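First comes the structure, then the notes that go with it.
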Amino acid sequence: MSQKLTTAVMPLNNRRAANAILVALLLPAAAFGQTAFTWQQIQERFVARNPTLKAAQLNIDESRAAEITAFLRPNPDFNIGADGFQVSRNEGIWRPLSGVVETPSISYLHERRHKRELRRDQAKQSTSITESTYLDQERGLVFNLRNAFVQTLLAKAVLQNAKENLEYWDRELDVNRTRLKAGDIAQVDLDRLELQRVQFESDFETAMVNLRTAKIQLLMLLNDRTPIEKFDVVGPFDFSEGLRPLEEFRNMALEARPDLKVASKNVELAKITYKLAVANGSTDPTFSVWYSHNSSFANPFANQTMGGSIDIPLRIFDRNQGEKARTKIDIGLNERLRDAAEAQVFNDVDSAYWTLIQAGNLLRPYKARYLKLASDTRDRISFSYQNGASSLLDYLDAEKANRDTRLAYLNLIGSYLTAAAQMNMAVGREVLP
């Protein structure tokens, strides 16, 4: 029975080994046709191709066009009137058009209290707010892009780790098959080792799917239709020491955060709007001149005359009181919103900073001790198991501990790089690589 089981298992082992070799050979072949992009190149392609950013840029163009409308002068009015039409006979004579006099006139509304200039300033401030809003939208989208980039690097590292684990386990299986032939281990022990390979295969396939998913997400943000087999990214996948003090990050955020700039500019816009509301409460005179081919009442010899008038609305009731009160309140409202935005900046920076500190504190012992300790422990117990001093269960536990330790280390680096991207977003510009 043992001979039959050995005969059944050996072809299966050979097929698995052949599949692993085939996968290992295909990965370099697929990577040969890939184009690898750095973070800087990804960011440049994103700004040039992302449709959401392109649509937001059009908002700036629309706001600049509104500046032209805001600074337009009022057009003069032209009017022509006719007087002297005879409607009935007088002493039997009816000449309806002989006494008609045409009187053309031109009038112009003069805006006082710098209304036009205030409308221009209001439109320019609105454009400045739109530009800062665009930068804030770009800040959020770049964070999503950086997060997708980090997830792709993490998926690549996990895939490479799974591939190395699979290759290592195949080497171990080869050694133990030799031991089985020599009679050092029982067939059931080799079968348990063969079954353990399923976990390595599962890790490899899962890592492959995760890498494809991360690339798909990144290509979607880039609005790129490149096949994922021909797309790749490269970049450092590690953490860095020497973090700046928290106060420096806070100061940089106060200078660079576009949403804080939007809040501050909204205060200035509210002040301009209040000034415009006050100016709109003033009366605007209308100047008019006209020409008439008709004799003057005071001078019968002056049959070609000109006249003029000034129309001034009587400001008995101020119809703009409510708008003045509303815009004045709006100044205080936007000042409170600016304070809230500043508090949010500090919250974002502090949260990202302490997340980085925590990730760094966890990564240092892994890099300095735990990775090597897990690998050395596995190798020692493997050697001990091969010489009969340790049980198979001890060996499998040591292998699992090493695999879990390496995977945890890679995930911690991914968390650190995500926290670095969060810090860049909190500051408003790239301050960490």
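What you see is a predicted model, and the numbers here were worked out from it, not measured in a lab.
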message = Is there a side chain to side chain donor-acceptor pair (under 3.5 Å) between Gln187 and Asp191? Walk through the geometry before answering.
response = CA-CA 6 Å; Gln187 179 64 47; Asp191 292 343; 2.8 Å; yes
ask   = Do Glu255 side-chain atoms and Met252 backbone N/O form a donor-acceptor pair below 3.5 Å?
value = no
request  = Verify side-chain contact (heavy atoms from CB on, under 4.5 Å) between Arg429 and Val431, making sure each step is shown before the conclusion.
outcome  = CA-CA 6 Å; Arg429 61 185 178 89; Val431 293; 4.0 Å; yes
Sub-6.0 Å ring centroid separation between Tyr168 and Phe200 = no
note = Checking Tyr291, Phe287, Phe78 against Ile106 for side-chain contact (heavy atoms from CB on, under 4.5 Å), the one that qualifies is Phe78
message = Can a side-chain donor-acceptor contact be found between Ser391 and Asp394 if the only test is distance below 3.5 angstrom?
response = yes
inquiry  = Taking Leu269's backbone N and O only, do any of them form a donor-acceptor pair with Thr273's side chain (distance below 3.5 Å, no angle check)?
reply    = yes
request  = Using modelled atom types only, decide if a donor and an acceptor are shared between the side chain of Arg139 and the backbone of Met425 within a distance under 3.5 Å.
outcome  = yes
message = Which residue in the set Lys115, Arg315, His114 passes side-chain hydrogen bond (donor to acceptor under 3.5 Å, both in side chains) when paired with Ser282?
response = Lys115
inquiry  = Ring of Phe37, cation from Arg45 - is the NZ or CZ under 6.0 Å from the centre and inside 45° of the axis?
reply    = yes
ask   = Backbone N or O of Arg380 within a donor-acceptor pair of the Ser384 side chain at under 3.5 Å?
value = no
inquiry  = Could you check, using the six-membered ring where one of them is a Trp, whether Trp169 and Tyr395 have ring centers closer than 6.0 angstrom?
reply    = yes
inquiry  = Does Lys265 form a side chain to side chain donor-acceptor pair (under 3.5 Å) with Ser132? I'd like the steps, not just the answer.
reply    = CA-CA 9 Å; Lys265 290 176 181 179; Ser132 296; 2.7 Å; yes
query = Is there a donor-acceptor contact under 3.5 Å from the side chain of Asn50 to the main chain of Leu221?
reply = yes
Test salt bridge (charged side-chain N to carboxylate O under 4.0 Å, His left out) applied to Lys400 - qualifying residues, sequence neighbours left out = Asp404
note = Smallest heavy-atom separation, Tyr134 atom then Leu53 atom, equals CE1-O, 3.5 Å
ask   = Regarding Gln57 and Asp61, is there a side-chain donor-to-acceptor distance under 3.5 Å anywhere?
value = no
query = Side chain of Asn334, backbone of Ala270: donor and acceptor closer than 3.5 Å?
reply = no
Side-chain donor-acceptor contact under 3.5 Å, Arg406 with Asn161 = yes
Any donor-acceptor N or O pair under 3.5 Å, side chains Gln422, Thr355 = no
message = I'd like to know if the side chain of Ser202 reaches the main chain of Val198, judged simply by a donor and an acceptor atom lying under 3.5 Å from each other, with no hydrogens or angles considered.
response = no
